[in-house]
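Here's the structure, in structure tokens; my notes come after.
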Amino acid sequence: ESAEALAGNHGSRHTENGADPIPLATPTEGGLMSAKDKAKLDSFVISVLETGADPTGSIDSTAAVQAAIDEVIVNGGGTVFFPPGIYLFNVNSPSLNPGIGGIVIEGSGMDSTIILFHEGDSTANVTQRKNLFYNDANDPNKKTITFRNLTFRGTKTSTDYNKGGVPIFLDYYKQIVIENCKFENL
């Protein structure tokens with residue numbers, strides 16, 4: 001005679017001997033998945049090379065990097081990864097918008113991943129200049145943004161620092177974390 005099956009914490013019915021038939025399953029919005037798959041989803045990573053960024057520094061990478069950021073945002077957060085290289089961002093390209101955050105912008109190392117940022121010669125108000133990562137919307141849902149293992153290299157000389165934009169102009173985020181990054185010629 002078997003005992004009545006009981007529902008598990010994820011909605012499955014336990015077997016007649018009380019065992020959970022899918023003990024490692026985790027309830028998610030879309031259904032069940034293993035804890036391993038959920039952890040993978042929680043740590044979503046996309047390489048900017050997958051969206052077409054150029055690591056040689058000769059072609060503007062703005063659209064490709066924004067596409068990677070957008071992919072991370074659609075997946076609920078994660079990491080935008082820059083393999084070793086030089087990534088060019090021209091003065092006439094739009095700023096990168098990290099949305100409400102919950103993302104990590106990560107390179108392969110401070111000396112191996114260079115963000116080459118042409119900020120221009122504008123002397124206008126800083127919000128009207130070329131800013132590489134830019135979002136100043138007052139949104140209470142903004143989360144943390146982390147920048148890690150990168151060099152941000154500008155094109156300014158020591159005599160014209162009062163011109164141009166900034167590599168990171170973000171406001172109203174829960175936290176902006178900068179780890180193991182270097183800033184040059186800005």
Side-chain angles (χ1 to χ4, degrees), residues 44-110 112-157 160-186:
F44 181 80
V45 177
I46 186 167
S47 167
V48 296
L49 298 182
E50 293 177 51
T51 55
D54 171 42
T56 69
S58 57
I59 299 172
D60 184 85
S61 291
T62 303
V65 172
Q66 187 63 59
I69 291 169
D70 293 345
E71 187 71 23
V72 167
I73 291 169
V74 165
N75 279 282
T79 300
V80 174
F81 179 70
F82 288 80
I86 298 173
Y87 298 88
L88 174 65
F89 298 89
N90 285 321
V91 67
N92 295 326
S93 60
S95 296
L96 297 168
N97 184 352
I100 64 167
I103 65 175
V104 175
I105 308 294
E106 183 163 6
S108 297
M110 182 169 51
S112 61
T113 304
I114 311 296
I115 305 300
L116 181 57
F117 167 54
H118 288 269
E119 65 268 40
D121 290 323
S122 176
T123 57
N125 181 297
V126 72
T127 60
Q128 298 169 347
R129 298 181 190 186
K130 167 63 181 195
N131 299 301
L132 184 57
F133 288 90
Y134 180 77
N135 185 316
D136 69 345
N138 187 352
D139 184 339
N141 298 311
K142 283 187 171 177
K143 304 172 188 173
T144 298
I145 295 179
T146 301
F147 295 89
R148 182 183 299 139
N149 300 326
L150 299 160
T151 289
F152 292 90
R153 182 174 294 156
T155 55
K156 294 292 153 203
T157 65
D160 62 0
Y161 283 126
N162 62 338
K163 298 177 183 176
V166 296
I168 301 172
F169 189 109
L170 302 171
D171 210 354
Y172 302 105
Y173 285 87
K174 180 178 179 182
Q175 286 184 319
I176 299 168
V177 178
I178 299 173
E179 300 173 342
N180 198 38
C181 289
K182 185 170 28 173
F183 296 84
E184 301 175 339
N185 300 334
L186 298 168

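The structure presented is a predicted model; accordingly, all values stated were derived computationally and were not measured. FYI, side chains are in, hydrogens and waters are out, and symmetry mates aren't considered; it's all heavy atoms of this structure.
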Heavy-atom donor-acceptor pair, [X] side chain to [Y] backbone, under 3.5 Å:
| X | Y | value |
| --- | --- | --- |
| N75 | G77 | no |
| E50 | S47 | yes |
| S95 | N131 | yes |
| K142 | A137 | yes |
| S108 | F82 | yes |
| T79 | F81 | no |
| S61 | A53 | no |
| D70 | V74 | no |
| Q175 | K143 | no |

Problem set entry | Atom pair CD/OG1 of E71 and T51 - distance to nearest 0.5 Å |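 Answer for the CD-OG1 pair, E71 versus T51, is 9.0 Å.
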[X] versus [Y]: any side-chain heavy-atom pair under 4.5 Å?
| X | Y | answer |
| --- | --- | --- |
| E179 | T146 | yes |
| P167 | I115 | no |
| L150 | E106 | no |
| P83 | V48 | yes |
| I105 | R148 | no |
| I178 | I168 | yes |
| L96 | L132 | yes |
| I145 | V177 | no |

Exercise. Is the number of heavy atoms from other residues, nucleotides or ligands under 6.0 Å of K174 NZ greater than 12?
Worked result: no
For this session: May I have the step-by-step check of side chain to side chain contact (heavy atoms under 4.5 Å, CB included) for H118 and N92, ending in yes or no?
Result: CA-CA 9 Å; H118 288 269; N92 295 326; over 6 Å; no
For this session: For the pair F169 and Y134, evaluate ring pair (Phe, Tyr, Trp, His ring centres under 6.0 Å) and give the outcome as yes or no after the intermediate values.
Result: CA-CA 5 Å; F169 189 109; Y134 180 77; 5.2 Å; yes
For this session: Take I176 and T144 through the test side chain to side chain contact (heavy atoms under 4.5 Å, CB included) and record every step on the way to the result.
Result: CA-CA 6 Å; I176 299 168; T144 298; over 6 Å; no
Seminar exercise, completed: Between P98 and I103 the two heavy atoms that sit nearest each other are CB-CD1, 3.7 Å
Exercise. If you take all heavy atoms of P84 and P55, which pair is closest and at what distance?
Worked result: O-CB, 4.0 Å
Exercise. Hey, are Y173 and D171 close enough side-chain-wise for a donor-acceptor pair under 3.5 Å?
Worked result: no
For this session: Could you go through the side chain to side chain contact (heavy atoms under 4.5 Å, CB included) check for V65 and F89 one step at a time?
Result: CA-CA 10 Å; V65 172; F89 298 89; 3.8 Å; yes
For this session: For the pair F147 and F133, name the ring-plane relationship: parallel under 30°, tilted 30 to 60°, perpendicular over 60°.
Result: perpendicular
For this session: Might you work through the side chain to side chain contact (heavy atoms under 4.5 Å, CB included) test for N149 and M110, ending with a clear yes or no?
Result: CA-CA 5 Å; N149 300 326; M110 182 169 51; 5.7 Å; no
For this session: Identify which one of T62, D60, I59 satisfies the side-chain contact (heavy atoms from CB on, under 4.5 Å) criterion when paired with N90.
Result: D60
